[in-house]
Amino acid sequence: MASFLYRLGRTAFRKRRWVLLLWVAVVAAVGFKGLTAASGSDDASSMPGIESQKAFDLIGERFPGTAADGASERIVFVAPDGQKVTAAGNREAIEKTVAEAAHGSEVASAVDPFRANSVSKDGSTAYTTVTYKVKDLSDGSKNELRKALGEARQAGLTVETGGNALAAQTEAGGVGEAAGVLVAALVLLVTFGSMAAAGLPLLTAVIGVATSMFAILALSSAFGLSSSTGTLATMLGLAVGIDYAMFIVSRYREERGKGHAPQEAAGRATGTAGSAVVFAGLTVVVALAGLSVVGVPMLTKMGLAAAGAVLLSVVIALTLVPALLGFWPNAVLPRRLRRRNRKTGDVDETHLTTATGTAATKESKWARFVLCRPLPVLLLSVVGLGVLALPVADLQLGMSGDEAKSTSTTERRAYDALADGFGPGFNGPLTIVVDAQGAPDAAGAVDTIAKKIASTDGVVSVSEPRFNQAGDTAIISATPSTSPTSEETKNLVHTIRGERPGLETATDATFQVTGTTASNIDVAQKMQSALIPYLAVVVGLAFLLLLIVFRSVLVPVKAAVGFLLSVLASLGAVVAVFQWGWAADLLGVEQTGPIMSMMPIFLVGIVFGLAMDYQVFLVSRMREAYVHGQTPGRAMVTGFGHSARVVVAAALIMMSVFSGFITAGESMIKMIGFGLAIAVLFDAFVIRMAFVPAVLALLGHRAWWLPRWLDRMLPRVDIEGEALTHGDTPAAQPHEKPRETAGI
């Protein structure tokens, strides 16, 4: 591995113009295809294998056109204080608004709320739903609807809307993400002390993310990729793209400090740090691709798209980064060292070693501190993370809707108005689909089931059954007395489903419960049941990778234990903030509630990949020193001194990128951004900086133990670059010195 990547790095450095032209061509081709490709369909609601999805599919089969993909918008009218919507002036304004909203050519239906009995008992609130024939409304249709709403407001009514007809496209990170990138640039500048060294990782990461997003756009129609698919790819592609390039650049500077010529240094950096990049990238890809075992299409597509972005970041780090180093071989070095000899490019080894962090006295001092006190450091890190993980015991899963949005949004105000006027359960009705094909009296069977559900504790009202054309299937709407995200509503769904066996026996008909509320409950249960198999697949495959990389049994075990500590602590922090409300105001979380159903498995997958990133980068330098003859303790100190500063910088970069997504308006993205940022904090600064060196110090030689029979079976990948130190490389010969751009 190291020898191959060494030759790849030298070739990319030497053929830098061709490499650069090739990447320009790739980006241009993929960009053209992505910008001209048709958009993909959004199937995020599809969730195979759960009852609510089966019921929804049955509705589509028995009620053609009911489950159409057309957009819809619910309009909520609230009368001024002391008035009712049924007052003559208010009623006239509402009826006029509904009539104008129904006029558009793209409108399928818009029902008068006074005819449909959509008025609250106290007369303060009324609502109507406008459905459309198309999913994406034209600007003209949107403007017509907005104009009608404006006229109702001028009449003195409070008008709020909720739905997808007028909803603005949610941006992943916006200004916060840009701020995160600026922080990343600052961290790179402080770490390297060079504008070029700081800018190169940012440049290559942006190229990688742009190429990934263009590729996702190009494939969106063929594979049904929605706009949300690229969110994770952007988040991870930017973070790992910066990190992988930074590791190559850092090792290049170190090799220059050892006296190697630029091309030789690029080859050695790619052969050593590049090997760590390859295996770190593979562990991330394993974790992301493993999301497919959950059986959720949205998660599968997001995971595979992000895995593709990570693979692209690895390829860029191994090819484009050494090529760009060929254009600016000395610009990435600290400024005072570049000035020593601009003509020859020679540098002073002693000064460069200190400047690039090889001396790393602060890091080495901390490593020696841990080496002398491993047990207290280990206990403190484990206990600290264990305490932070305690909120996980109170974890409640669910899916948030408009109730979790800011009160500044019309969707949230519409939700609150409906809850005030019609009760907390109105926003989450249960849809009962009765299949009476096998019943001798279909209408009687449906009536019996409807009455039984209506008499169930926790059900406020049940609508009249609506039959299909064949008269053998009916839809009933049941309104709970509690809010959609409450535990009481969850218990109600289970209670209604528990009544099914008896009703099936009595009526020869069956029914299924669906609707947004029931679907969210089913998704939460599916995520919980899929977590253990997912963990087994991901941890198992990653264990094999780490076993090959480190040729040790205990090091992969330690990595898995450290990962579990960091992911549980980060999930505990998510519960404390988004469910309990601790420091929620600081993050712009206006409504606490259940944790997004996919969050635990999502966090496990991504954090596992990132944790293995740091594991490979940090411990590979320790093993490199151990393989080259140092004692276990000394190897730990040496490896820590070489890589700790870069790992810390990488963690700060990832945290800044992920934190940028906390500013997103979408609660799911906000929660993911916070969870990933806090997980990186725990993993990099507690697990990698304290737990890992403490465990290695306690294990000593046993840390690198591997049975002989297993040693013979495992392939040798030489991630430490041992072949490069034994002369298994072309001799570093004088070669054409690359011409460096002036002024850099």
Side-chain angles (χ1 to χ4, degrees), residues 52 72-79 81 84-85 113 116-129 158-164 394-432 450 453-464 475-497 499 513-525 578-581 584 589-597 667-668 671:
S52 54
S72 66
E73 194 77 7
R74 175 174 284 181
I75 307 173
V76 183
F77 303 93
V78 181
D81 292 341
K84 295 184 178 182
V85 293
N117 196 26
S118 300
V119 180
S120 62
K121 291 182 179 180
D122 62 3
S124 64
T125 311
Y127 73 91
T128 186
T129 301
T158 298
V159 184
E160 306 294 349
T161 62
N164 54 10
D394 189 40
L395 174 65
Q396 297 177 7
L397 297 180
M399 291 294 288
S400 60
D402 289 342
E403 77 280 1
K405 294 182 178 180
S406 169
T407 52
S408 63
T409 63
T410 185
E411 293 86 358
R412 170 63 185 276
R413 294 195 296 268
Y415 180 97
D416 292 341
L418 290 171
D420 293 340
F422 297 90
F426 182 82
N427 286 295
L430 306 177
T431 301
I432 317 297
I453 293 175
S455 64
T456 304
D457 290 340
V459 175
V460 173
S461 63
V462 172
S463 68
E464 289 294 325
I475 297 177
I476 305 169
S477 180
T479 302
S481 60
T482 51
S483 66
T485 58
S486 69
E487 194 69 17
E488 291 83 358
T489 303
K490 177 181 177 181
N491 294 333
L492 175 62
V493 172
H494 293 315
T495 300
I496 293 175
R497 288 172 174 171
E499 297 170 346
V513 183
T514 186
T516 302
T517 301
S519 178
N520 291 341
I521 294 171
D522 292 345
V523 170
Q525 291 179 333
F578 291 88
Q579 184 177 310
W580 292 358
V589 181
E590 298 190 14
Q591 181 69 38
T592 59
I595 302 303
M596 182 183 65
S597 299
S667 59
M668 180 185 76
M671 189 180 296

Any side-chain to backbone donor/acceptor pair from [X] onto [Y]? Under 3.5 Å, distance only.
X	Y	answer
Thr410	Thr161	yes
Thr456	Ile453	yes
Asp122	Gly421	no
Ser52	Thr514	no
Ser120	Thr125	yes

Point-to-point distance, once rounded to the nearest 0.5 Å, from CG of Asp402 to CG of Asp416:
9.5 Å

I need the Ser463 OG to Ile432 CD1 distance, nearest 0.5 Å.
9.0 Å

[Y] and [X], any side-chain heavy atoms less than 4.5 Å apart:
X	Y	result
Thr431	Val513	no
Thr482	Pro424	no
Leu430	Ser477	no
Thr489	Pro484	no
Tyr127	Val119	no
Val459	Leu492	yes
Gln396	Thr485	no

Would you say Asp394 and Gln579 are linked by a side-chain donor-acceptor pair, where the criterion is simply a distance under 3.5 Å?
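Yes, side-chain donor-acceptor contact under 3.5 Å.
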
Closest heavy-atom pair and its distance - [X], [Y]:
X	Y	value
Ala126	Val85	CB-CG2, 4.1 Å
Ile595	Phe578	CD1-CB, 3.8 Å
Val76	Ala417	CG1-CB, 3.9 Å
Glu73	Asn164	OE1-N, 3.6 Å
Leu397	Ala524	CB-CB, 3.8 Å
Ala478	Val462	CB-CG2, 4.2 Å

Test side-chain contact (heavy atoms from CB on, under 4.5 Å) applied to Thr158 - qualifying residues, sequence neighbours left out:
Val78, Glu160

Test of understanding: with side-chain contact (heavy atoms from CB on, under 4.5 Å), list the residues that count as partners of Asp420, not counting sequence neighbours.
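Once residues adjacent in sequence are excluded, Asp420 has no partner under the side-chain contact (heavy atoms from CB on, under 4.5 Å) criterion.
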
Going by the rule salt bridge (charged side-chain N to carboxylate O under 4.0 Å, His left out), which residues pair with Glu403 if we only count those two or more places apart in sequence or in a different chain?
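In terms of salt bridge (charged side-chain N to carboxylate O under 4.0 Å, His left out), with neighbours along the sequence ignored, Glu403 is linked to no residue.
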
Can you list everything that forms a salt bridge (charged side-chain N to carboxylate O under 4.0 Å, His left out) with Arg74? Sequence neighbours excluded, please.
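Arg74 satisfies salt bridge (charged side-chain N to carboxylate O under 4.0 Å, His left out) with no other residue.
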
What do the steps show when you test Phe77 against Thr128 for side chain to side chain contact (heavy atoms under 4.5 Å, CB included), and what is the final call?
CA-CA 9 Å; Phe77 303 93; Thr128 186; 4.1 Å; yes

ring-ring contact (aromatic ring centres under 6.0 Å, His included) with Tyr415: which residues, sequence neighbours excluded?
none

Of all pairs that satisfy salt bridge (Lys or Arg N to Asp or Glu O under 4.0 Å), the ones with a partner from residues 486-497, not counting sequence neighbours
Glu51-Arg497, Arg497-Asp522

